[in-house]
Undergrad: 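What follows is a single structure, and I will ask about it in a moment.
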There are 4 protein chains.
Amino acid sequence: MAPPVPSSTDTRSRILDAAARLFHEQGFNATGVSTILREAGVNPGSLYNLYPSKDALLAAVLERYTQLLHPVVMAPVEAATADPIDRIFALLKQYRDWFLPLEFRLGCPIGNLALEVADSHPEIRPLIQQNFDGWCGYVKKWLAEAGDRLPASLDRDALAATVLTVMEGGLMQARSSRSAVAYDASVAQLRSYIDLLLARASGERSRG
Amino acid sequence: MAPPVPSSTDTRSRILDAAARLFHEQGFNATGVSTILREAGVNPGSLYNLYPSKDALLAAVLERYTQLLHPVVMAPVEAATADPIDRIFALLKQYRDWFLPLEFRLGCPIGNLALEVADSHPEIRPLIQQNFDGWCGYVKKWLAEAGDRLPASLDRDALAATVLTVMEGGLMQARSSRSAVAYDASVAQLRSYIDLLLARASGERSRG
Amino acid sequence: MAPPVPSSTDTRSRILDAAARLFHEQGFNATGVSTILREAGVNPGSLYNLYPSKDALLAAVLERYTQLLHPVVMAPVEAATADPIDRIFALLKQYRDWFLPLEFRLGCPIGNLALEVADSHPEIRPLIQQNFDGWCGYVKKWLAEAGDRLPASLDRDALAATVLTVMEGGLMQARSSRSAVAYDASVAQLRSYIDLLLARASGERSRG
Amino acid sequence: MAPPVPSSTDTRSRILDAAARLFHEQGFNATGVSTILREAGVNPGSLYNLYPSKDALLAAVLERYTQLLHPVVMAPVEAATADPIDRIFALLKQYRDWFLPLEFRLGCPIGNLALEVADSHPEIRPLIQQNFDGWCGYVKKWLAEAGDRLPASLDRDALAATVLTVMEGGLMQARSSRSAVAYDASVAQLRSYIDLLLARASGERSRG
DNA sequence: TATGAATGAGGGTTCATTCAT
DNA sequence: CATGAATGAACCCTCATTCAT
């Protein structure tokens, strides 16, 4: 028999859930610790037992995003889509599907924090970078799997970074306009670019 | 003889300068009104005489960014670079040149505010959008000037949005990594894409 | 031909009107000078030219209430009611008629100020007292006119003070309950008392 | 052994004591929270931990006045005076004795608040009314105990309301004049009225 | 370990008033 | 005399955090 989940774990989860949600909805600075406490149903002393500061809680939230990257973000894409190139656009479509019903409110939780705390919280910046690296890592893996369907001369790492650029830059404009137009436009240009790359590689292969 | 600049204008400018700088350096929520007052050398009553709230001051800052878009951002690019396609990359290089000495701290002042206040301040969102629209407007103009050097089938508005996407998404990653790598990579992919478009249009033209 | 009313008089009137209304509606401390300025359509400099302070404005408002006592409060009663005893109850009914449509909001402007500023503004207290004295003066005059319809032993000054007591005490309870019950009850007891006095005096006269 | 009084209760009491005293001395609007904090020796966070706003503190003060009505106001009267009719005048004399040494400064704390906040604070009005109802309740009880010493036809509730009217209306005039004259006059007229009622009832009883 | 009161610096804003134009 | 920006103390309240129980 498994031991009962200790209540501290439960408390820890409730805090992390509430903090992650509120940081996403309101931003880090606009979220008061007291709001987190209320939403998590926890006392200040309990929170400060588990996390020595609001900043430490932010770090924990970002660690959890790292853990959730695969199960929440990447696994659904990989499960639904087999072709590595298609997976890139399935990933971009997944964000669209998440945020369209919200009229593109909220935005990327990592991207939001990147712009809000990267300068003020030096100890947090690496955790953001870790999330971006993980995200790009999946894209790089897919691009590697695409093998010679893409030109040999293509800088696959640069393209992976660009996919993240398209997601973050597109989502930023979508939030500002409450519309999908700029996001869709950016994704379409990326599609067009990759199609040109695929065509060139195909030509190279047939000539090769 | 022109009348002396009224002192109120001076006060207004000092407030706007300080607010714009601090919002850029620290973010909107992390900047206290008292800090703005101290840096501007102004009393609370004076500020609230000119701007009824911190939010109104934010709106004024964003209006000013709209006014500064041409003289500060676009005019230098257009003065230094004649070719419309080259202007796009000169613009992207200008941001690189601005932020490289800062190790990519600060980031885009509009983009930062977009992610920080777009949801919480509905009245501010249109002002952010206005800045993005103005920015893309210049790129659209340049793309139009490129005429048939670009394929007729190209969605020039979509490409303009993508240029902004590359700038914002690239800058976000640059801030997170304190490095130019992802920014340069994204710009390089855009360059590669546009080169492919130019090549295709050139082929179309010669085939006539 | 009369000279045109100087604009300063107009300004003065607009300020007094606004101040009197706002002090009545919101109280003295709860009314900001800026609100008075806005409602009067006047600039701070203009107000402070005419009245050196908010307290001086309050004094002017109370002076004006003294001037308005006859035309606004007493003249209508005396015009509508001839019998001196009836005038007392007509006066009390006039307040009821004024405040019933407001569910007894606002209350007596003098009484409100009496309780709010009597202690903190020693220079204002005599002006409040002057209003009360004027008010009681009319009641005393009527009681004198009632002659031997009232007992010779009756302290007419004390009864006049009591009429004011009934008005103020009754109105206070009416405001607290948003109902006429306590006001009507107090007036009815006064009516009953005066009826007993009239009956006794009548007996004395017939025996006399 | 009883547990020591928890310090929270102590803090709460110090806040309530200071707030009640200052609201009484200066009025609600003229009393700053910072003054309450200083006088209570308490930090802002402590106050707002116990009371979510200045208005909530006002409500608590009025609740406490309700609790204190019996021990502070009514019990001394009932202890010192047995006869129910005499108790009414002992109560009115108690107020006189309290305020005469102050030259009738301060006034009734409930009455002051009634006029200052009844309109602006709808949630407070019922608490004021509750105090008035409690006060009148004692007078009603005494009038009931007077039985057939008073005329059967007398509206005892109306007379009770009138007693409060006399206290509040009399105290208002006493504050304005810094003299007992109008207060004493009003009480004397009430005495005269009740004597007439007692005489009439006595006559009715003897005629039986 | 859980609780929630206590801490005190700082939040954004309004106040009555003055003064330069 | 009108204007409205400037003044700076004070307003009510919230912040992240600590500590006694």
Side-chain angles (χ1 to χ4, degrees), chain A residues 6-8 11 28-38 41-57, chain B residues 3-4 6-12 14-15 29-37 41-57, chain C residues 6-8 11-12 28-38 41-57, chain D residues 3-4 6-12 14-15 29-37 40-57:
Chain A
S7 82
S8 72
T11 298
F28 175 74
N29 288 302
T31 298
V33 172
S34 63
T35 307
I36 298 171
L37 295 171
R38 180 173 8 92
V42 151
N43 298 316
S46 301
L47 186 151
Y48 282 90
N49 269 348
L50 296 170
Y51 303 102
S53 69
K54 191 188 176 189
D55 290 357
L57 177 54
Chain B
S7 80
S8 71
T9 295
D10 197 39
T11 300
R12 196 181 285 267
R14 289 208 315 280
I15 291 171
N29 287 303
T31 299
V33 172
S34 61
T35 307
I36 298 171
L37 295 171
V42 149
N43 298 317
S46 300
L47 188 154
Y48 282 90
N49 202 24
L50 298 171
Y51 304 101
S53 67
K54 189 188 178 190
D55 290 357
L57 176 54
Chain C
S7 82
S8 72
T11 299
R12 194 182 287 267
F28 175 74
N29 288 302
T31 298
V33 172
S34 64
T35 306
I36 298 170
L37 295 171
R38 180 173 8 94
V42 152
N43 298 314
S46 301
L47 186 150
Y48 281 89
N49 270 346
L50 296 169
Y51 303 101
S53 69
K54 189 187 178 190
D55 290 357
L57 177 53
Chain D
S7 79
S8 71
T9 295
D10 197 40
T11 299
R12 197 181 284 266
R14 289 209 312 281
I15 292 171
N29 288 302
T31 298
V33 172
S34 61
T35 307
I36 298 171
L37 295 171
V42 151
N43 296 319
S46 300
L47 187 155
Y48 282 89
N49 200 26
L50 298 171
Y51 303 102
S53 68
K54 190 188 177 190
D55 290 357
L57 176 54

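Note on naming: letters A, B, ... go to the chains in the order of the sequence lines (proteins, then strands), and numbering restarts at 1 for each one.
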Undergrad: Going from CZ on B:Arg14 to OG on B:Ser46, what distance comes out if it is rounded to the nearest 0.5 angstrom?
TA: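 Rounded to the nearest 0.5 Å, the CZ-OG separation comes out at 8.5 Å.
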Undergrad: D:Asn29 CG to F:dA10 P: how many Å, rounded?
TA: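 Spelled out: CG on D:Asn29 to P on F:dA10 is 18 Å.
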Undergrad: Would you mind pulling out the nucleotide paired to F:dG4, Watson-Crick or G-U wobble, both distances under 3.5 Å?
TA: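 Across all strands, the one nucleotide that pairs with F:dG4 is E:dC19.
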Undergrad: Looking for any heavy atom pair under 4.0 Å, which part of the strands does D:Gly45 touch: base, sugar-phosphate only, or nothing?
TA: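 Result for D:Gly45 = base.
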Undergrad: For the pair made of CZ in C:Arg38 and C1' in F:dG4, what is the distance, rounded to whole Å?
TA: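 The distance from CZ of C:Arg38 to C1' of F:dG4 comes to 15 Å, rounded to the nearest Å.
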Undergrad: Which one, F:dA5, F:dT18, F:dC12, comes nearest to the side chain of A:Pro44?
TA: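 Looking only at heavy atoms from C-beta outward on A:Pro44, the closest nucleotide is F:dT18.
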Undergrad: Between A:Val42 and D:Gly41, which has a closest nucleotide on DNA chain E that is more 5'?
TA: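 It is A:Val42, whose closest nucleotide lies nearer the 5' terminus.
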Undergrad: Looking for any heavy atom pair under 4.0 Å, which part of the strands does B:Thr35 touch: base, sugar-phosphate only, or nothing?
TA: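 Here B:Thr35 touches no strand at all.
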Undergrad: Would you kindly give the CD1-to-P distance between D:Ile15 and E:dA5, to the nearest whole Å?
TA: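 D:Ile15 atom CD1 is separated from E:dA5 atom P by 11 Å.
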Undergrad: Please determine if a side-chain N or O atom of B:Ser53 lies less than 4.0 Å away from the OP1 or OP2 oxygen of E:dG12.
TA: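 Answer is no, no contact under 4.0 Å.
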Undergrad: Check the pair D:Leu37 / D:Asn43 against side-chain contact (heavy atoms from CB on, under 4.5 Å), numbers first and verdict last.
TA: CA-CA 6 Å; D:Leu37 295 171; D:Asn43 296 319; over 6 Å; no
Undergrad: Which nucleotide in the list F:dT17, E:dG12, E:dA5 gets nearest to the side chain of B:Lys54?
TA: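 Within the option list, the nearest is E:dG12.
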Undergrad: Calculate the interatomic distance between A:Leu37 atom CG and E:dA5 atom P; express it in whole Å.
TA: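 Taking CG of A:Leu37 and P of E:dA5, I get 13 Å after rounding.
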Undergrad: Mapping D:Leu47 and C:Tyr48 to their closest nucleotides on DNA chain E, which lands nearer the 5' end?
TA: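 Of the two residues, D:Leu47 wins.
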Undergrad: Would you kindly give the OH-to-P distance between B:Tyr51 and F:dA6, to the nearest whole Å?
TA: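 Nearest whole value for this atom pair: 10 Å.
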Undergrad: Please check the phosphate of E:dC15 (OP1 and OP2 only) for any side-chain N or O of C:Ser34 closer than 4.0 Å.
TA: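 For E:dC15, OP1 or OP2 has a side-chain N or O of C:Ser34 closer than 4.0 Å.
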Undergrad: Looking at the side chain of D:Ser46, which of F:dT17, E:dT17, E:dT7 is the nearest nucleotide?
TA: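 Of all the options, the side chain of D:Ser46 is nearest to E:dT7.
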Undergrad: Please pick, from E:dA5, F:dC1, F:dC13, the nucleotide with the shortest atom-to-atom distance to any side-chain atom of D:Asn49.
TA: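 The nucleotide sitting nearest to the side chain is E:dA5.
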Undergrad: Counting only N and O atoms by type, is there a donor-acceptor contact under 3.5 Å from the side chain of B:Lys54 to the main-chain atoms of B:Gly32?
TA: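 Checked: no pair found.
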Undergrad: In the structure shown, which nucleotide is the Watson-Crick or G-U wobble counterpart of E:dG11, with both distances under 3.5 Å?
TA: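 By the stated definition (distances under 3.5 Å), F:dC12 pairs with E:dG11.
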Undergrad: Between F:dT14 atom P and A:Ile36 atom CD1, what is the distance in whole Å?
TA: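 About 17 Å, once rounded to whole Å.
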Undergrad: As a test of reading the structure: which of F:dA2, F:dT17, E:dA16 is closest to the side chain of C:Asn43, going by heavy atoms?
TA: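 It is F:dA2.
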Undergrad: Check the distance between F:dG4's P and B:Arg12's CZ and give it to me in whole angstrom.
TA: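 The answer, rounded to whole Å, is 12 Å.
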Undergrad: Using a 4.5 Å cut-off on heavy atoms from C-beta on, say whether the side chain of D:Tyr48 contacts that of D:Val33.
TA: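 D:Val33 vs D:Tyr48: side chains touch.
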Undergrad: Can you tell me which residue among B:Leu50, B:Ile36, B:Ile15, B:Asn49 is in a side-chain contact (heavy atoms from CB on, under 4.5 Å) with B:Val42?
TA: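 Exactly one pass, corresponding to B:Ile15.
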